[in-house]
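To find a chain, count down the sequence lines: A is the first, B the second, and so on, and within it residues start at 1.
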There are 2 protein chains.
Amino acid sequence: MPEKTQPAPLRLATFLPFRLSVLSNAVSQRIAELYDREFGLSIWQWRVMAVTADRPGISATEIGQRTQMDKVAVSRAVAGLIEMGYLERRASTDDARRSNLVLTPAGLGIYELIVPLALAEEAQLVSALSDKEQSELARLMGKLAIAASPERDLW
Amino acid sequence: MPEKTQPAPLRLATFLPFRLSVLSNAVSQRIAELYDREFGLSIWQWRVMAVTADRPGISATEIGQRTQMDKVAVSRAVAGLIEMGYLERRASTDDARRSNLVLTPAGLGIYELIVPLALAEEAQLVSALSDKEQSELARLMGKLAIAASPERDLW
DNA sequence: ATGATATAGTTTCATATGTAACCAATATTG
DNA sequence: CAATATTGGTTACATATGAAACTATATCAT
């Protein structure tokens, strides 16, 4: 008489996609609260500021690539930042569809306020890990990211 | 003459909260597509099924704790699953507010179809890592999770 | 040049999500 | 055993989000 086959066990608590999601949310929420509470910025707006600070004159499309945001999200984040006076849209000379985005002095100002806070938050978070563990984590995440989406190279 | 102080650099691409978020999204999207495409389930519904399979008779509140979903999300996922005929709500004898949730035979059936697919997806994902790397990743994520939300113990 | 196709970005619309208000039942307190 | 507070869960409302349609410009193929 054949045994009844046991279904493979699946404990959510050890299922990587679940754990990743919960961890990511916990981390994001902590820092999102900082951006929002102190500066009225959404995570997406913060991301847009960060890449624009890094690459002044960047286009919305490029922002999307660097931040993994879709173009609608970029468009909205940009609109909000312009509204708040943190971002400026400059016409592109060579391509009239494109706009070149730059932080305003005000935008740069709060960006420079946020950076150390964000880095401090990150530092506090990873302080639970040794330096070696930190770099190992980064390395493993990198491998996983490639496995998860080989097509688009994220970093 | 004092140097102009350089703002601390922040490259989004190496900023842990960002990397985690992108990685988590990439992973989630892959498997979410599987649940949805093959079975018409949202991630939330899948999570509810998973914990209910593990603990038949579980309450909505307990589901929330185990899945890190808020009670509204649980309520909606449960309603959807009942609608689809995958979940059954049983009155609790001792507390009339609470309901005891169990998978229907149909629900159990598709659950048992999904589990191996989900595990296979996970396996494929982590196959980029050695066994040792896998357990190391799990360990590091655990430490990080505690650092990120010491209050609620996630696992 | 001219029509066809692709690209940058925005707007629209439908759906998902979170917060707060709410209802019902239980637990607590005086 | 009232009166009050708490808990389990749902509903309502306001906001966030994503897909698809759309506008404007640029590129490509003839």
Short N/O separations, protein against nucleotides 15-19 of chain D, under 3.5 angstrom:
unit_1  : atom_1 : unit_2 : atom_2 : d
dG18(D) : OP2    : D70(A) : OD2    : 3.4
dG18(D) : N7     : R76(A) : NH2    : 2.6
dG18(D) : O6     : R76(A) : NH1    : 3.3
dG18(D) : O6     : R76(A) : NH2    : 3.4

Just to confirm, is there a sub-4.0 Å distance from OP1 or OP2 of [N] to any side-chain nitrogen or oxygen of [X]?
| X | N | value |
| --- | --- | --- |
| T61(A) | dT7(C) | no |
| S99(B) | dG8(D) | no |
| S75(B) | dT10(D) | yes |
| R89(A) | dT10(C) | yes |

| Between A60(A) and D94(B), which has a closest nucleotide on DNA chain C that is more 5'? |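 It is A60(A) whose nearest nucleotide is closer to the 5' end.
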| request: Please figure out whether K71(A) or E62(B) has its closest DNA chain D nucleotide nearer the 5' end. | output: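 Upstream on the strand: E62(B).
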| For T93(A) and N100(B), take the nucleotide of DNA chain D holding the closest heavy atom to each; which residue's nucleotide lies nearer the 5' end? |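 The answer here is N100(B).
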To the nearest angstrom, how far is [X] atom [atom1] from [N] atom [atom2]?
| X | N | atom1 | atom2 | answer |
| --- | --- | --- | --- | --- |
| D95(A) | dG9(C) | CG | C1' | 11 Å |
| R97(A) | dC22(D) | CZ | P | 19 Å |
| M69(B) | dT19(C) | CE | C1' | 16 Å |

| Distance-only side-chain donor-acceptor flag, S24(B) / R19(B), under 3.5 Å |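 Not at all, the side chains of S24(B) and R19(B) share no donor-acceptor pair under 3.5 Å.
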| Atom CG of L101(A) and atom CZ of R90(A): how far apart are they, to the nearest 0.5 Å? |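 Spacing of CG (L101(A)) from CZ (R90(A)) equals 10.0 Å.
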| query | For the atom pair OH (Y86(B)) and CZ (F39(B)), what is the distance rounded to the nearest 0.5 Å? | reply |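 Going from OH on Y86(B) over to CZ on F39(B), the span is 8.5 Å.
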| query | Does R139(A) CZ have over 12 foreign heavy atoms under 6.0 Å away? | reply |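 Atom CZ in R139(A) is packed in, count exceeds 12.
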| request: Using a strict 4.0 Å threshold on nitrogen-to-oxygen distance, state whether E83(A) and R76(A) make a salt bridge. | output: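 R76(A) and E83(A): not salt-bridged.
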| Does the distance from a Lys or Arg side-chain N to an Asp or Glu carboxylate O, for R98(A) and E62(A), drop under 4.0 Å? |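 Judged by the 4.0 Å cut-off on N to carboxylate O distance, R98(A) and E62(A) do form a salt bridge.
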